[in-house]
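Each chain gets a letter, A, B and so on, in the order the sequences are listed, and its residues count up from 1.
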Amino acid sequence: MKIATYNVNSINARLPVVLRWLEESQPDVVCLQELKAIQENFPEAALLEAGYESVWHGQKSWNGVAILSRIGLPKETCRVLPGDPEDAHSRYIEAEINGILIGCLYLPNGNPAPGPKFDYKLSWMNRLLGHAQTLLRQGGPVILTGDFNIIPTEADVYRPERWVNDALFRPETRAIFSALEEQGWTDAIRQIYPGQTIYTYWDYFRNAFGRDAGMRIDHFLLSPAVVPKLRAAGVDRDVRGWVKTSDHAPVWIEVEV
DNA sequence: ATGGCTCCATACTGGAGA
């Protein structure tokens, strides 16, 4: 079972790229972030035609998350991260597919830090930590994936000294990622590639992709029940070089089922 | 410190992204 995550930076602006990538990469399950579309404007029919059934949670202008599957309709378990009834951002959707619970998340960027946006990021991360603990206690196979907007270590960004005060790399942010690992979650990309430089995002400016000035912020966290089933992982870097592409590349893992 | 690029919005500029 091949599971991918892809921050598309607008599903409608990106539809041709997404359809070409689905055809070439053949993932069974896909988590999308930054749909930037209201609920009614999600391209459900075009994705069905490509063989994928979807559940999604749209929002005007920003955010928005979706889970696609070609192995049966995702059984949605929730579409809001628990812990704050006032939070109107569409940043989390969760569904069960093939006996595995998949959480698709778009964690807040948090810049500038400090400030209200960073406070929101910290509060959202703490809610994630709480929900992650609940999921672990249930004991079943769970995969939390998406755009975490967290650079976990110095090895995960080009020129880390430039990012020390950034919301993606500040100690408070990295501490939450460490806390997730201490809870019992495994960073799948680092499990497969412990010492390699792996990036999943390159900004649109200054030929960042051409210079490989990137960062690793799209992650897969595996619950203990999934770790022994992990077979492979990768980043579809070539997609980042396509015309009218996202600033993120798709990331994927393969698990035995 | 800024800006470079791309997206969205009852748009012809400004906010957000990372």
Side-chain angles (χ1 to χ4, degrees), chain A residues 5-21 31-43 56-66 87-92 104-122 124-125 128 145-174 176-177 189 197-219 235 237 239-251:
Chain A
T5 182
Y6 188 15
N7 178 322
V8 290
N9 183 17
S10 171
I11 185 59
N12 288 307
R14 211 64 59 217
L15 192 57
V17 164
V18 169
L19 293 173
R20 177 183 167 193
W21 165 70
C31 293
L32 299 178
Q33 303 86 35
E34 276 209 84
L35 303 179
K36 290 188 171 177
I38 58 173
Q39 191 71 8
E40 298 74 27
N41 287 355
F42 184 80
W56 69 97
H57 190 191
Q59 182 186 327
K60 189 181 173 187
S61 306
W62 319 118
N63 311 316
V65 283
D87 186 2
H89 292 203
S90 296
R91 294 182 176 276
Y92 188 78
C104 168
L105 63 102
Y106 175 46
L107 207 146
N109 174 302
N111 278 306
K117 291 190 174 181
F118 191 58
D119 293 342
Y120 175 64
K121 177 172 194 158
L122 292 175
W124 205 95
M125 287 192 294
L128 178 63
T145 186
D147 177 0
F148 281 65
N149 271 316
I150 297 176
I151 302 164
T153 74
E154 293 195 346
D156 296 309
V157 62
Y158 175 80
R159 298 223 203 179
E161 68 279 5
R162 291 188 176 181
W163 295 88
V164 287
N165 292 317
D166 191 277
L168 279 66
F169 195 53
R170 285 178 68 100
E172 303 95 314
T173 305
R174 294 158 65 185
I176 303 268
F177 195 83
I189 292 289
T197 297
I198 308 276
Y199 296 146
T200 66
Y201 166 90
W202 300 260
D203 76 32
Y204 286 125
F205 314 146
R206 297 169 154 183
N207 188 31
F209 183 59
R211 296 182 299 115
D212 198 24
M215 58 179 73
R216 187 173 75 96
I217 56 177
D218 301 272
H219 306 299
V235 179
R237 280 180 62 110
V239 176
R240 180 63 182 79
W242 293 356
V243 173
K244 215 167 152 38
T245 198
S246 172
D247 39 7
H248 294 250
V251 188

Check whether A/Thr200 reaches the backbone of A/Ala249 with its side chain - one donor and one acceptor, N or O, closer than 3.5 Å. no

What's the gap between B/dG15 and B/dT2 when it is taken at their P atoms, as a whole Å value? 15 Å

Looking at the side chain of A/Trp62, which of B/dC8, B/dT6, B/dA9 is the nearest nucleotide? B/dC8

In whole Å, measure the gap between the C1' atoms of B/dG4 and B/dG17 for me. 14 Å

Rounded distance in Å - CD (A/Glu34) to C1' (B/dG15): 13 Å

Under 4.0 angstrom between A/Lys36 side-chain N/O and B/dG17 OP1 or OP2: no

Would you kindly give the CH2-to-P distance between A/Trp242 and B/dC5, to the nearest whole Å? 24 Å

Output the rounded distance in Å from OH (A/Tyr120) to P (B/dG17). 10 Å

Expressed in whole Å, how much space separates the C1' atoms belonging to B/dC12 and B/dC8? 14 Å

Does A/Arg14 make a side-chain N or O approach to OP1 or OP2 of B/dT6 shorter than 4.0 Å? no

A/Leu35 CG to B/dA9 P, straight-line distance once rounded to whole Å: 12 Å

Using OP1 and OP2 only, check whether a side-chain N or O of A/Lys60 sits under 4.0 Å from B/dT10. yes

From NE2 (A/His219) to OG1 (A/Thr5), nearest 0.5 Å: 10.0 Å

Residue matched to B/dT6 through Watson-Crick or wobble contacts both under 3.5 angstrom: B/dA16

Can you tell me how far C1' of B/dA1 sits from CG of A/Asp166, to the nearest Å? 15 Å

For atom NE2 of A/His248 and atom P of B/dC7, their distance in whole Å: 13 Å

Classify the nucleic acid contact of A/Asn63 as base, sugar-phosphate or nothing, counting any heavy atom under 4.0 Å across all strands shown. nothing

Measuring only the P atom in each nucleotide, how far is B/dG14 from B/dT10? A whole number of Å is fine. 16 Å

Taking the same atom, C1', in B/dA16 and in B/dA11, what whole-Å distance lies between them? 15 Å

Nearest-angstrom distance from the residue atom CH2 of A/Trp202 to P of B/dT6: 16 Å

Could you tell me how far apart A/Asn9 (CG) and B/dA9 (P) are, to the nearest whole angstrom? 12 Å

Okay, side chain of A/Arg240, backbone of A/Phe209: is any donor-acceptor separation there less than 3.5 Å? no

Closest to side chain of A/Phe205, choosing from B/dA16, B/dG4, B/dT6: B/dG4

Counting only N and O atoms by type, is there a donor-acceptor contact under 3.5 Å from the side chain of A/Asn111 to the main-chain atoms of A/Ala167? yes

Between A/Tyr204 and A/Asn9: side-chain donor-acceptor atoms closer than 3.5 Å: yes

